[in-house]
Amino acid sequence: GAVVSQHPSWVICKSGTSVKIECRSLDFQATTMFWYRQFPKQSLMLMATSNEGSKATYEQGVEKDKFLINHASLTLSTLTVTSAHPEDSSFYICSARRGGEETQYFGPGTRLLVL
Amino acid sequence: GENVEQHPSTLSVQEGDSAVIKCTYSDSASNYFPWYKQELGKGPQLIIDIRSNVGEKKDQRIAVTLNKTAKHFSLHITETQPEDSAVYFCAASRYSSASKIIFGSGTRLSIRP
């Protein structure tokens, strides 16, 4: 199998607070993990790519100091949204990929609402 | 930059009929083409993929075709069922350790009972 989990599935927070989202590959080792955000009725937008033990590579226009990514092990990556604001409200989805393979397996997503 | 165009954006078919979704890609070096199904409020689920050394692949009611010369690929769903209703995304990538998937804009498929 290739199961990816995310926690939490949804979170509501106040403006200015930080939120951490976890992404785990449950039954395989993920050398690469990806973080996406998705607005309603839109496609997935890649935010960053992270390789285990390395700094994440951010896409153009994504603030690395606002969206902190840590890929500490082959089964866990975290995304921290720092000083969240209402415009950060979105659906955040991670995916994971085994070394030497092309296929990305996606998590169930985390819905973030910033009040 | 790389781009994947997907059509149509919405598709409604009668239950039991076939549905076809088409995509084109711009990067001629792309060699991997996955299709994902996303149900409301969930993450995308891989339903089928094809590599550039193959022209067609089938898995039960789902088939994908690839025309490398024209840089087109398509998803075919036969004998559609209500549970096929979802948003479908095509994607393209060229594999490397630093590669990323480029997604199409998505097709919202509705199956009419």
Side-chain angles (χ1 to χ4, degrees), chain A residues 1-7 9-10 21 23-25 30-62 90-113, chain B residues 1-11 21 23 25 27 29-54 57 59 64 66 86-110:
Chain A
V3 181
V4 177
S5 70
Q6 280 184 242
H7 179 79
S9 56
W10 59 271
I21 302 170
C23 176
R24 294 181 184 272
S25 56
T31 56
T32 307
M33 287 185 167
F34 304 83
W35 286 96
Y36 297 82
R37 65 189 298 181
Q38 185 179 37
F39 293 106
K41 297 187 178 181
Q42 293 189 21
S43 188
L44 288 79
M45 184 186 78
L46 180 65
M47 300 175 65
T49 301
S50 73
N51 291 295
E52 186 264 340
S54 303
K55 289 185 177 180
T57 301
Y58 290 81
E59 294 299 299
Q60 191 173 7
V62 178
S90 190
F91 193 48
Y92 291 87
I93 313 171
C94 72
S95 70
R97 187 176 71 189
R98 294 185 181 96
E101 296 187 5
E102 309 101 324
T103 304
Q104 289 186 27
Y105 300 97
F106 284 83
T110 297
R111 189 161 301 281
L112 170 63
L113 177 60
Chain B
E2 300 92 340
N3 185 48
V4 175
E5 293 190 358
Q6 182 172 348
H7 299 281
S9 57
T10 61
L11 179 61
I21 302 171
C23 291
Y25 60 97
D27 184 1
S30 296
N31 55 14
Y32 175 63
F33 307 90
W35 285 86
Y36 289 90
K37 174 184 180 182
Q38 186 177 27
E39 297 178 343
L40 190 62
K42 298 183 179 180
Q45 178 185 13
L46 179 72
I47 56 172
I48 195 168
D49 57 13
I50 191 168
R51 289 167 177 78
S52 59
N53 58 346
V54 176
K57 184 177 179 180
D59 182 4
V64 58
L66 171 65
V87 178
Y88 291 80
F89 292 98
C90 63
S93 75
R94 44 165 146 168
Y95 179 72
S96 72
S97 61
S99 67
K100 55 188 179 184
I101 286 178
I102 307 298
F103 283 90
S105 54
T107 296
R108 185 171 300 275
L109 175 63
S110 300

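Remember, predicted model here, so these are calculated numbers, not experimental data. Reminder, nothing fancy here: chain letters follow the sequence lines and each chain counts from 1.
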Select one option (side chain, backbone, both, neither) describing which atoms of B:Ile101 are under 4.5 Å from chain A's heavy atoms.
both
Measuring heavy-atom distances to chain B, does A:Glu59 have an atom under 4.5 Å in its side chain, in its backbone, in both, or in neither?
side chain
So is B:Arg51 actually on top of B:Tyr32's ring, under 6.0 Å and inside 45° of the axis?
no
Region of A:Thr103 that comes under 4.5 Å of a non-hydrogen atom in chain B:
both
Using atom types as modelled and distance alone, determine if a side-chain donor or acceptor of A:Gln6 lies under 3.5 Å from a backbone N or O of A:Tyr92.
yes
Of the backbone (N, CA, C, O) and the side chain (C-beta and beyond), which part of B:Gln6 lies under 4.5 Å from a heavy atom of chain A, both, or neither?
neither
Side chains of A:Gln104 and A:Tyr36: closer than 4.5 Å at any heavy-atom pair?
yes
Less than 4.5 Å apart, any side-chain heavy atom of B:Cys23 and any of B:Trp35?
yes
If you tally heavy-atom pairs under 4.5 Å against chain A, which of B:Ser105, B:Gly106, B:Pro44 wins?
B:Pro44
Under the side-chain contact (heavy atoms from CB on, under 4.5 Å) rule, what do A:Glu52 and A:Thr31 come out as? Steps first, then yes or no, please.
CA-CA 6 Å; A:Glu52 186 264 340; A:Thr31 56; 5.7 Å; no
